[in-house]
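Here's the structure we're looking at; comments come further down.
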Amino acid sequence: MLKRLLMLIFVLLCVPSAHAQFDHGYAAWDTLVKKHVKWLPDNKQSRVDYAAFKAERADLKKVLDSLSAVQKAEFDAWSPAQRMAFLINAYNAFTVELILTEYPNLKSIKDLGSFISSPWKKKFFKLLGEDRYLDWIEHEQLRPLYSDPRVHGAVNCASIGCPALRDEAFTTPKLEAQLDDGMLRFMGDRTRNRMKDGKLEVSSIFKWFREDWEKGHKGFAKLEDMFAKYAPQLTDDAGDQAKLRAKTVPITFLEYDWSLNAVGR
């Protein structure tokens with residue numbers, strides 16, 4: 001009996017568990033982005049040091065492997081906030097990996113696709129037990145299942161036009177604050193969202209995903225409701241802020257900058 005007990009202890013100690021507890025603090029991913037994501041002086045945009053990421057690609061692979069190891073049954077047992085944080089981190093981490101497959105020989109994530117093949121449709125990773133692609137995370141999971149338009153300020157498409165990649169992992173305790181902060185930074189970036197000559201010029205994100213801000217989240221029934229809330233971020237002029245709150249300002253959408261969000265850009 002003692003011999004069998006000792007053998008069991010030996011097995012438990014020496015054989016890695018297939019059900020090792022998942023790190024909801026995302027410590028390894030947090031370490032990487034803290035090292036390789038840099039805020040610009042205005043703290044509204046960030047740039048990514050892809051060369052440094054590439055030098056530590058083995059560490060990135062460990063992060064990706066840990067994400068891929070999560071099975072659907074485990075994921076389904078988590079809270080909605082845990083699932084949302086997981087999906088956002090997965091999108092951002094696998095996007096970095098996608099860039100590294102060709103870096104430095106590309107100027108945009110769109111260089112990884114073609115007229116008939118989108119980079120966001122490439123099945124290049126496993127998640128929840130199946131082959132997946134980036135659009136699956138964003139358009140088949142995050143947007144329809146969580147109905148929170150702030151996700152557009154959280155997922156990063158490796159482009160200058162996109163809301164910033166954070167220099168920290170998304171975690172359950174901080175998720176609400178991180179989602180709010182992401183939108184505040186993005187709306188306060190006057191290169192992408194601003195009042196100019198009596199008109200509101202905003203990112204094309206708000207054209208492509210307008211419906212996400214018109215489903216009642218935070219009381220927003222239409223896109224103008226959201227711009228009214230962020231009036232202080234969009235302009236310093238009190239008169240223009242009043243017009244935004246009155247929802248009488250014409251809206252135009254800016255051309256999206258798909259240039260790679262690499263350091264030095």
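These numbers were taken from a predicted model, which means no experiment stands behind them. If you read the sequence from its start, that first residue is 1, and numbering goes on from there.
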### Message
Centre-to-centre under 6.0 Å for Phe86 and Trp78, is that the case here?
### Response
yes
### Query
Roughly how far, to the nearest 0.5 Å, is CH2 of Trp29 from CG of Asp23?
14.0 Å
### Query
What pair of heavy atoms forms the shortest contact from Leu112 to Lys122, and how long is it?
O-NZ, 2.8 Å
### Task
Check the pair Asp237, Thr235 against side chain to side chain donor-acceptor pair (under 3.5 Å), reporting the backbone distance first and the verdict last.
CA-CA 5 Å; Asp237 184 271; Thr235 178; 5.3 Å; no
### Message
Rounded to the nearest 0.5 Å, what separates atom CG in Leu200 from atom CD in Glu224?
### Response
9.0 Å
### Task
Measure the CD-CG distance between Gln82 and Leu87 for me, rounded to the nearest 0.5 Å.
12.0 Å
### Query
Is there a donor-acceptor contact under 3.5 Å from the side chain of Glu201 to the main chain of Thr252?
no
### Task
Please round to the nearest 0.5 Å and tell me the distance separating atom NZ of Lys34 and atom CG of Asp167.
6.0 Å
### Query
Is there a donor-acceptor pair closer than 3.5 Å between any side-chain N or O of Lys38 and the backbone N or O of Lys35?
yes
### Message
Pair Glu168, Lys174 - check salt bridge (charged side-chain N to carboxylate O under 4.0 Å, His left out), show working.
### Response
CA-CA 11 Å; Glu168 64 178 359; Lys174 297 194 292 184; 3.0 Å; yes
### Task
Please test Leu127 against Trp136 for side chain to side chain contact (heavy atoms under 4.5 Å, CB included), starting from the C-alpha separation and ending with a verdict.
CA-CA 10 Å; Leu127 208 62; Trp136 178 85; 4.0 Å; yes
### Query
If only atom types and distance count, is the side chain of Asn92 paired as donor or acceptor with the main-chain N or O of Ala154 below 3.5 Å?
yes
#### Entry: Within the 6.0 Å centroid threshold, strictly below: His139 and Phe209
yes
### Message
Do Glu138 and Tyr133 pair up side chain to side chain, a donor and an acceptor below 3.5 Å, judged on atom types alone?
### Response
no
### Message
Could you report the tightest heavy-atom contact between Leu98 and Pro119, atom names first, then the distance?
### Response
CD2-O, 3.8 Å
### Task
Report yes or no: is the cationic atom of Arg150 (NZ for Lys, CZ for Arg) closer than 6.0 Å to the six-membered ring centre of Trp213, at no more than 45° off its axis?
no
### Message
Just so I know, are the side chains of Ile160 and Ser259 near enough to count as touching, which here means a heavy-atom distance under 4.5 Å?
### Response
yes
### Task
Would you please indicate if the ring centroids of Phe170 and Tyr26 are separated by under 6.0 Å?
no
### Taking every non-hydrogen atom, the tightest pair across Arg210 and Phe253
NH1-CZ, 4.3 Å
### Query
Looking only at heavy atoms, which two atoms of Thr171 and Gln178 are closest? And how far apart?
N-OE1, 3.3 Å
### Query
Will you find, in the side chains of Asn261 and Tyr50, an N or O donor that is under 3.5 Å from an N or O acceptor?
yes
### Task
Flag the pair Asp212 and Arg143 as a salt bridge only when some basic side-chain nitrogen lies within less than 4.0 angstrom of an acidic carboxylate oxygen.
yes
### Sole residue of Glu56, Lys54, Arg47 in side-chain hydrogen bond (donor to acceptor under 3.5 Å, both in side chains) with His36
Glu56
### Query
CG of Asp181 to CZ of Arg166: how many Å apart, nearest 0.5 Å?
4.5 Å
### Task
Give a yes or no on whether a salt bridge exists between Asp65 and Lys126, defined as a side-chain N under 4.0 angstrom from a carboxylate O.
no
### Task
Could you tell me whether the side chain of Ser159 and the main chain of Gly161 form a donor-acceptor pair under 3.5 Å?
no
### Task
Quick one: closest heavy-atom pair of Leu244 and Ala228, and the distance?
O-CB, 3.5 Å
### Query
How are the rings of Tyr256 and Trp208 set relative to one another: parallel (under 30°), tilted (30 to 60°) or perpendicular (over 60°)?
tilted
### Single-linkage hydrophobic cluster, 4.5 Å side-chain cutoff, Leu32 and Trp39 together
no
### Task
Taking the six-membered ring for Trp and the single ring otherwise, decide whether the centroids of Phe227 and Phe206 are under 6.0 Å apart.
yes
### Pairwise distance CD(Glu130) to NZ(Lys72) - rounded to 0.5 angstrom
9.0 Å
### Task
Report whether Leu254 and Phe186 are members of the same hydrophobic cluster (ILVMFWY, side-chain heavy atoms less than 4.5 Å apart, transitive linking).
no
### Message
Check this for me: does any side-chain nitrogen of one of Arg192 and Asp189 sit under 4.0 Å from a carboxylate oxygen of the other?
### Response
yes
